[in-house]
Amino acid sequence: MKLYDTMAREMRELTAEDGENFRFYCCGPTVYGPAHIGNFRTFVLQDVFRRVLQLSGQSTQHVRNITDVDDKTIRDSQAAGKSLGEFTEAWTAKFRVDCDALNLLAPHDEPSAVEHIPQQIALIEQLMAKGHAYKSDDGSVYFKVTSFDQYGCLSHLDQRELRDGAGGAAVADDEYEKDAVADFALWKGRKQEDGDNFWLSPWGEGRPGWHLECSAMCKEYLGDTFDLHSGGVDLVFPHHENEIAQSEAASGETFARHWFHITHLMVDGGKMSKSLGNMYTLADLEERGFTANELRYVLISGHYRHPLNFTLQSMEDAKKALLRIGKAGGALRERAGGDADEPDQQIPRGHDFIYFKAAFESLLQDLNSPEALGRIFSELRELKADKMSAEDAQAALNDLEYILLALGLSLPEVEEDKQVEVPEDIRDLAEKRWQAKQAKAWAQSDALRDELLGKGWEIKDDKEGYQLCPRS
RNA sequence: GGCGAGGUCGCCAAGUGGUAAGGCCAUGGUUUGCAAAACCAUUAUCGCGGGUUCGAUUCCCGCCCUCGCCUCCA
């Protein structure tokens with residue numbers, strides 16, 4: 001599988017350092033509220049990445065952390081009148097529910113930051129010992145950026161600019177004392193507003209800095225060097241830059257061998273933000289009658305390195321597109337005769353595609369999910385289910401299920417599977433209309449159909465009978 | 001100001017040095033008592049101006065516009 005590497009700025013073939021297991025780390029959510037669809041774009045793409053890697057024959061170890069101690073979690077837990085743990089556990093649970101709905105494979109390890117404070121302290125001690133960190137008067141510990149020559153190698157920012165501090169404005173807000181503006185906190189000395197949220201360290205009471213948790217947990221679960229590190233583009237700087245500095249300065253080894261960054265989701269052509277009221281969560285979309293599967297389709301309908309413009313219209317489009325795949329799959333299933341096996345949601349290690357091979361190849365080439373979708377539709381149209389042998393139809397159906405498994409999409413329920421509650425009076429009207437139709441009393445039949453439509457129910461006839469469904 | 005992404009059919013969105021996937025919508029057709037559904041078909045010369053080339057949407061230069069990041073936002 002080939003994937004663009006942010007550090008090298010070019011496409012790279014992915015390899016497992018140990019030749020067996022591809023080990024990778026994804027920066028997880030900060031659990032202080034519900035994750036929004038922008039967060040999920042990143043997690044969904046990482047999930048597709050893992051699925052494709054596994055289907056290509058590679059075994060994986062996927063680590064994704066939970067950030068449950070930082071400024072925001074502390075601030076909001078206090079505002080909610082809850083302990084930090086109580087607060088973050090609730091949001092972590094909610095996050096997992098959303099992940100399940102979105103069909104995200106659970107990471108092999110999902111470490112929490114507060115449960116790895118000792119590891120973080122140990123890392124700081126190493127950095128202190130090597131002269132990469134210093135303690136300030138207020139009990140905080142900072143990383144000395146000038147002590148690490150490669151600082152800035154990931155984000156390719158101009159060295160001088162980094163040392164001077166780019167914006168300038170943010171400097172004034174910093175309440176901690178440090179030598180240089182670019183230096184960042186490894187440990188934050190205890191402050192009044194932190195309340196009960198402090199831990200003991202060799203430098204006094206306080207709490208770990210944000211960047212540090214990932215470095216410490218990467219080391220704990222994946223060692224000094226691992227195969228790939230991933231997150232949203234906004235993490236390139238400073239978060240990932242700082243992780244590299246901390247980890248490599250401490251270990252002297254290459255930190256991550258490959259960097260995979262997912263570009264932001266836009267909403268209605270602009271940044272998603274609370275103030276603009278265009279920040280959607282999965283729950284928001286479900287309230288509007290959309291499913292997580294549809295959201296997943298939308299999130300993979302654009303290439304991960306391009307901004308993707310989310311609109312509610314795109315959710316509508318996704319619903320229709322998915323339905324089409326479902327119907328085409330249904331036709332294959334019918335031709336194959338009888339029910340196919342339930343698709344196994346375990347991702348097998350390796351799969352040979354006969355059908356939909358082109359689509360899978362799009363995924364192997366820099367995770368081109370939109371092209372893969374295009375190729376699925378093209379192939380679906382070329383396959384004439386009614387002209388295939390039952391055997392071929394079965395094989396095509398089988399591979400269709402595998403390519404959807406790679407994308408993590410579920411075949412949508414086709415109409416007849418849906419159990420819709422139909423009120424008595426509607427049922428009666430529909431029955432009367434059917435009788436009229438059978439009697440070829442077209443005028444009466446059509447009038448009844450219009451009446452039903454007026455009451456919000458649509459009738460769809462087929463050869464044997466009719467179906468009632470709520471008007472969409 | 002620095003770094004980066006992007007401007008492709010009404011909307012969304014791929015791709016390529018040799019005249020542009022796919023989805024939604026629209027239109028026409030087959031089918032249907034009429035619809036619905038399904039199926040088939042049709043719809044773009046790729047922001048603007050130069051350059052390189054036999055040939056550029058794809059490479060180079062300039063310009064315009066949009067968007068993101070620039071110290072704790074996926």
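Here is how names work: the chains are called A, B, and so on, in the same order as the sequence lines, proteins then strands, and each is numbered from 1.
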(Q) Under the salt bridge (Lys or Arg N to Asp or Glu O under 4.0 Å) definition, can you give me all pairs with a residue in residues 308-318 of chain A, not counting sequence neighbours? (A) none

Q. Does A/R324 make a side-chain N or O approach to OP1 or OP2 of B/rC24 shorter than 4.0 Å?
A. yes

Q.
So A/K271, base contact, sugar-phosphate only, or nothing? Heavy-atom distance under 4.0 Å.
A. base

Q: Classify the ring geometry between A/F95 and A/F43 as parallel (under 30°), tilted (30 to 60°) or perpendicular (over 60°).
A: perpendicular

Q | Under-4.0 Å salt bridge between A/K188 and A/E205 | A | no

Q: May I ask which nucleotide in the shown strands pairs with B/rC67, Watson-Crick or G-U wobble, both distances under 3.5 Å?
A: B/rG4

Q.
What's A/I262 touching, base or sugar-phosphate or nothing? Going by heavy atoms closer than 4.0 Å.
A. nothing

Q) Base, sugar-phosphate, or nothing: which does A/R449 touch, judged by heavy atoms less than 4.0 Å apart? A) base

**Q.** Atom CZ of A/R288: over 12 foreign heavy atoms under 6.0 Å
**A.** no

Q: Please work out if A/D70 contacts a base, only the sugar-phosphate, or nothing of the nucleic acid, heavy-atom cut-off 4.0 Å.
A: nothing

Q) So is A/K144 actually on top of A/Y134's ring, under 6.0 Å and inside 45° of the axis? A) no

Q: For each nucleotide in nucleotides 11-16 of chain B, reading 5' to 3', give B when a protein heavy atom comes within less than 4.0 Å of its base, S when such contact involves only the sugar-phosphate, and - otherwise.
A: -SSSS-

Q) Does A/K320 make a side-chain N or O approach to OP1 or OP2 of B/rC25 shorter than 4.0 Å? A) yes

Q: Identify whether any heavy atom of A/G38 sits under 4.0 Å from a base atom; if not, whether one sits that close to sugar-phosphate; answer base, sugar-phosphate or nothing.
A: base

Q: Answer yes or no for this row: A/W442 ring on B/rG33 base, centroids under 5.5 Å, planes under 30°.
A: yes

